[in-house]
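So the structure is just underneath, and the comments pick up after that.
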Amino acid sequence: MLAKPPQLELAKLSDGELMEAVRSSRDQAAYAVLRARYHPETLAYCRARLPDKSDADDADQLTWVTVWEKPNYEPQPGKSFRNWLFTLAHNHCESVRRKKRGQSLDLVDPPIPAPNPWIELLCECLPLLKSGIASLPSQQRCVVEATLAGQKTGEAAAACNCTPAQASVAKHRAIATLRAWIAEKLT
Amino acid sequence: MNFPALEIPDEDRERALWLERQLVGLDLGDLIAQLLVVQQSSANVSLEEALGPRISEILRSGLSSLSPDEISGLLSCPEILLELQSRIFIEGGAYWQTVSRTPEHLAAVERVNQAVDQQLFGQTTANETAPLLAPASKTSSAKTWTWPLGIAAAVLIAAGWWTFRQAPPVGWGFDRPGLLAEADSGPAYLRILADAACEWSKKRPATVAELRTRLQQFDAGCETLIAAEHRQLAPKDRTWLVANCRRWQKEIRRLVDQLNSGAELSNIRNESDVLVEELRKAILDRAATA
């Protein structure tokens with residue numbers, strides 16, 4: 001029987017062991033395994049905080065470039081690899097956010113801000129959304145507002161004087177209309 | 001822009017699963033912004049205040065333990081979803097690794113991965129299988145980068161993707177045991193089928209053989225739907241579903257044929273992702289009018 005290649009064991013290694021291989025041996029396979037483990041999460045993290053998708057993807061890209069180029073993570077009690085990784089992702093998002101506002105950021109050890117600035121950023125699209133909703137036909141607008149307020153389809157239908165089936169159709173038409181309306185405004 | 005806030009399921013049981021997918025997916029920012037259109041800011045409410053001791057349970061095993069009112073409570077404090085996402089990514093248990101990602105999410109990850117490789121190593125990552133099949137005569141130092149990546153991809157497959165990621169059980173998607181008895185109304189039944197289709201993206205086939213098997217399993221799932229009674233559905237919806245299953249099955253078989261004829265893995269995988277997403281959306285749209 002052939003001996004198992006050492007790479008086949010990589011997937012069994014802990015995050016810390018993989019990072020040690022990246023740091024000390026510049027082990028590209030270990031780096032690839034880390035990316036396979038956490039890349040969907042870091043991208044989701046950046047996309048949730050930066051409304052512009054290309055900004056978010058840039059921050060995510062920089063996060064993984066930093067993991068390879070500056071792999072200075074060292075396991076410590078209370079500080080997991082994931083903690084370190086998402087602090088990196090957070091700081092790259094923060095850097096992008098501040099650049100958009102003409103502020104500079106020292107990436108060496110920046111403070112992690114309260115969540116409010118992110119909400120503030122996400123809310124920048126609110127006027128556009130509100131205008132889009134205001135431009136909808138009245139029944140669609142009513143159903144959309146009721147839905148956003150947390151009402152289920154039946155409740156929204158009752159509030160808008162229509163049947164649940166009509167409310168469902170109105171909602172789907174509203175989505176299509178809003179998508180086209182916002183795309184047009186953004187171009 | 002997507003409109004997740006307008007696609008919140010009506011069924012309480014589905015809401016928890018849906019919100020889990022939003023928390024680990026790409027549309028959480030859109031969801032928060034859209035919920036804030038009509039809801040007053042709850043910026044002063046912290047995650048701890050909103051969920052208290054339930055947080056550790058959520059981090060360990062997801063949102064299914066929350067009551068419908070607690071799920072609604074989370075949706076009425078959209079700001080804390082951002083903090084919850086952060087906690088899940090940093091402290092969440094293995095359960096959260098099993099929440100399905102959409103094909104769009106995986107495609108976006110792949111695009112960024114290619115950009116990272118381009119920036120670090122001056123070339124895009126080839127398809128995951130290519131390095132394993134590549135001739136040994138490749139001498140470029142940059143090209144050698146694809147070799148460990150390919151091995152790593154193979155490692156992930158060989159090790160069952162990743163120890164903490166649960167592979168779908170035998171009988172996944174439309175073939176999941178008990179699936180067809182899970183709902184008692186037409187719309188709920190169709191939404192469950194749409195959710196089942198999402199299980200396609202739980203596992204990313206990394207070789208031609210794996211993709212072929214995955215497609216054949218999906219084909220078998222369509223066969224199950226074609227043969228099923230669909231008692232929850234009205235006759236016209238039943239006819240619609242069976243007719244479309246035949247159409248999707250035909251498409252899947254075309255993809256398998258192309259794969260067997262030597263078509264590029266990534267092309268067929270992308271086409272498969274698009275097909276599954278289309279059928280998922282079609283079922284959801286039908287659910288809205290059923």
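Note that the structure is a prediction, hence the values are computed from the model and not measured. Convention: sequence-line order gives letters A, B, ...; per-chain numbering from 1.
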Would Arg111(B) and Asp60(A) satisfy salt bridge (Lys or Arg N to Asp or Glu O under 4.0 Å), going step by step from the backbone distance to the final call?
CA-CA 11 Å; Arg111(B) 279 197 301 277; Asp60(A) 181 48; over 6 Å; no
Assess whether a salt bridge exists between Arg37(A) and Asp15(A), defined as any Lys/Arg side-chain N lying under 4.0 Å from an Asp/Glu carboxylate O.
yes
So what's closer than 4.5 Å to chain B heavy atoms on Gln166(A): side chain, backbone, both or neither?
neither
Among the options Thr153(A), Asn83(A), Thr42(A), Asp57(A), pick out the one with the most heavy-atom pairs lying under 4.5 Å from chain B.
Thr153(A)
Under 4.5 Å from any heavy atom of chain A, what part of Glu91(B) do you find: side chain, backbone, both or neither?
backbone
Contact origin within Leu129(A) toward chain B - heavy atom pairs under 4.5 Å:
side chain
Any chance the side chains of Tyr73(A) and Glu20(A) put a donor and an acceptor closer than 3.5 Å?
no
Between Phe121(B) and Trp68(A), does the ring centre distance come in under 6.0 Å?
yes
Can you tell which of Arg47(A), Arg49(A), Lys53(A) has the highest number of heavy-atom pairs within less than 4.5 Å of chain B?
Arg49(A)
Can you tell me how far the CG atom of Asp10(B) sits from the OG1 atom of Thr147(A), to the nearest 0.5 Å?
8.5 Å
Can you tell me which portion of Val112(B) sits under 4.5 Å from chain A's heavy atoms? Options are side chain, backbone, both or neither.
both
Verify salt bridge (Lys or Arg N to Asp or Glu O under 4.0 Å) between Glu94(A) and Arg98(A), making sure each step is shown before the conclusion.
CA-CA 6 Å; Glu94(A) 176 68 358; Arg98(A) 291 197 185 194; 2.6 Å; yes
Arg87(B) NZ/CZ over Phe89(B) ring centroid, <6.0 Å and within 45° of normal:
no
Structural part of Leu6(B) lying under 4.5 Å from a heavy atom of chain A
both
Name the region of Phe86(A), side chain, backbone, both or neither, that has any atom closer than 4.5 Å to a heavy atom of chain B.
side chain
Under 4.5 Å to a heavy atom of chain B? For Leu148(A) that would be both
Counterpart residues, salt bridge (Lys or Arg N to Asp or Glu O under 4.0 Å), relative to Glu145(A) (two or more places apart):
none
Under the side chain to side chain donor-acceptor pair (under 3.5 Å) criterion, do Ser54(A) and Asp52(A) qualify, and how do the steps go?
CA-CA 6 Å; Ser54(A) 59; Asp52(A) 185 319; 2.7 Å; yes
So which residue, Val169(A), Val144(A), Leu85(A), ends up with the most heavy-atom pairs under 4.5 Å with chain B?
Val144(A)
Best-contacting candidate, Ala89(A), Ala149(A), Ala165(A), Ala56(A), against chain B by heavy atom pairs under 4.5 angstrom:
Ala149(A)
Where on Leu26(B) is there a heavy atom nearer than 4.5 Å to chain A: the side chain, the backbone, both, or neither?
both
Interface check, chain B: of Asp58(A), Leu178(A), Leu62(A), Ile182(A), most non-hydrogen pairs under 4.5 Å belong to Leu178(A)
Contact part of Ile133(A) toward chain B, heavy-atom cut-off under 4.5 Å: side chain, backbone, both or neither?
side chain
Among Asn2(B), Leu81(B), Asp30(B), Ile88(B), which has the most heavy-atom pairs under 4.5 Å with chain A?
Asn2(B)
Less than 4.0 Å between a side-chain N and a carboxylate O, is that true for Glu70(B) and Arg15(B)?
no
